[in-house]
Protein chains: 2
Amino acid sequence: MAVSAKTSDDPKRQRFAPAEREQLIIDGAIQFFADVGFAGQTRELAQRLGITQPLLYRYFPTKQDLIEKVYDEVFIGRWKTAWERLIDDRSIPLRDRLIGFYDAYASEALTYEWIRIYMFAGLAGEDINRRYIELLESRLLIPICTEMRATAGAPDPDQVPISDLEIEAAWNIHAAIFYYFVRKFIYRSPVESDLAAYISDTVDRTLDGALAVTKQTVT
Amino acid sequence: MAVSAKTSDDPKRQRFAPAEREQLIIDGAIQFFADVGFAGQTRELAQRLGITQPLLYRYFPTKQDLIEKVYDEVFIGRWKTAWERLIDDRSIPLRDRLIGFYDAYASEALTYEWIRIYMFAGLAGEDINRRYIELLESRLLIPICTEMRATAGAPDPDQVPISDLEIEAAWNIHAAIFYYFVRKFIYRSPVESDLAAYISDTVDRTLDGALAVTKQTVT
DNA sequence: TTTCTTATTTATCAATCGATAAATTAAAAT
DNA sequence: ATTTTAATTTATCGATTGATAAATAAGAAA
């Protein structure tokens, strides 16, 4: 046997520019907290990052400050306004717009980290979730309801306001997509492997029911 | 001012029979862990119960043992076989059977404690969730698919096995109900207040789409 | 090469947390 | 009334955890 006193994984201390190191920590924290939750220890996070635990406190005054940064990055940072334009594009059938949106939304937003951090935050009583739901209702569900009105030949929301029942119908579509990822990333239960097929099938199954509500509400 | 040395809430030490005390602890633990998660401290739980922390260890060797008991009580203990008979009763229209089932399931199973403990357990990587999902598929979703076959005049599962697509369609119904309670108890977001109306509307919206899958699959 | 800045580590504190042992006391047994 | 049992509390341990202060060293500046 040769050298090796300890299983040292400290080949040479590496220095980063503060902005770069901060980003490395945030990215690592997203992964880490998604895995173990916000009760995870700062020492274990530091170990994953290949740094020592006190270094975290050079960049974030408290653990809670780091958690806030994780929220910002994951929830605020991932919403794309391009998605909203997709929903409004009446040159495409509504069904196809919804499928296009959910394809994009699933691959860019509903990731492993997103779903789990979102659920951890909700259980911890953070208001991030309520705020996100408000965003979702105003930027996604109400536009969908508006487009369903147009598709169904029903009055514009300017004339007849969108009802709670119509919003709930739109939630049903969203819930069906969302729950797929809850099963996959939280329960780690086997799910349909062809995501694109699942999304288009689910939109087909749920859209007609929602459209029926639209027609029924405004008569 | 009069006496009162400390804010003592220890008017007189009260003794319970072991079985009774054990049940008090389990019930308190369900409430407590539902509120704060399994990272909650045993001292805080004891305080809520009006007992001292070491007394918990007289009844449960470790915190994990107490958690297991909570799982048993909440998940195993709340499933009613009567629900299964309800789904199979072909003297009633399938729509009404589903509404009846979800009325009962929502009020008896999908409570604040159930939803939150279920999600905490899932995030913690417990296999309780996977096992529960297996129970749900075999005891609820496959029977629902079977009844949809009968309703749609399609072949019995004995002749043409239930497809994954049909199961996914049944999941859509379930997801729509389940997500309502996630919004209510996890995000604490305002939801439709009339639960019975929500359930019947949701079944109406989602059942037709699922039935369309049934008809389509077996042609 | 030498100096200087500061990113990073080492060492450590104080509070928290699960768990154990011994002392106390409410209530049943005698 | 006295004794006995055991449910409950008091006291405490050892490990963990977020956070701080001082020492170290990588890399830029001179």
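Keep in mind that this is a model prediction, so the values were computed, not measured. Below, chains carry the letters A, B, ... as their sequence lines are ordered, and counting in each starts from 1. All heavy atoms count here, side chains included; hydrogens, waters and symmetry mates do not.
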| remark: Comparing F16(A) with R15(B), nearest DNA chain C nucleotide closer to 5' gives the residue F16(A)
Would you mind reading off the distance between [X] atom [atom1] and [N] atom [atom2], rounded to a whole angstrom?
| X | N | atom1 | atom2 | result |
| --- | --- | --- | --- | --- |
| D65(B) | dT20(C) | CG | P | 11 Å |
| K63(B) | dA19(C) | NZ | P | 8 Å |
| L55(A) | dA26(D) | CG | C1' | 14 Å |
| L56(A) | dA7(C) | CG | P | 15 Å |
| Q47(A) | dT8(C) | CD | P | 18 Å |
| I51(B) | dT9(D) | CD1 | P | 7 Å |
| F32(A) | dG18(D) | CZ | C1' | 13 Å |
| R43(B) | dT16(D) | CZ | P | 16 Å |

With a 4.0 Å limit, can you tell me whether [X] has a side-chain N or O closer than that to the phosphate oxygens OP1/OP2 of [N]?
| X | N | value |
| --- | --- | --- |
| Y57(A) | dA21(D) | no |
| Y59(B) | dT8(D) | yes |
| R21(A) | dT8(C) | yes |
| T42(B) | dG18(C) | yes |
| R58(B) | dA7(D) | yes |

| Flag, side chain of R130(A) to backbone of Y187(B), donor-acceptor distance under 3.5 Å | yes
| request: Taking the side chain as every heavy atom from C-beta outward, state whether F178(B) and I115(B) have any atom pair closer than 4.5 Å. | output: yes
| Using a cut-off of 4.0 Å on non-hydrogen atoms, how would the nucleic acid contact of P18(B) be classed: base, sugar-phosphate, or nothing? | sugar-phosphate
| query | Just by distance, with hydrogens left out, do D35(B) and Y112(B) show a side-chain donor and acceptor under 3.5 Å apart? | reply | yes
| task | Evaluate the ring planes of Y102(B) and Y105(B), with Trp represented by its six-membered ring, and classify them as parallel (under 30°), tilted (30 to 60°) or perpendicular (over 60°). | result | perpendicular
| message | Under 3.5 Å, is there any donor-acceptor pair linking the side chain of Q14(A) to the base of dA26(D)? | response | no
| Distance in Å, E147(A) CD paired with R97(A) CZ, rounded so as to fall on 0.5 Å steps | 4.5 Å
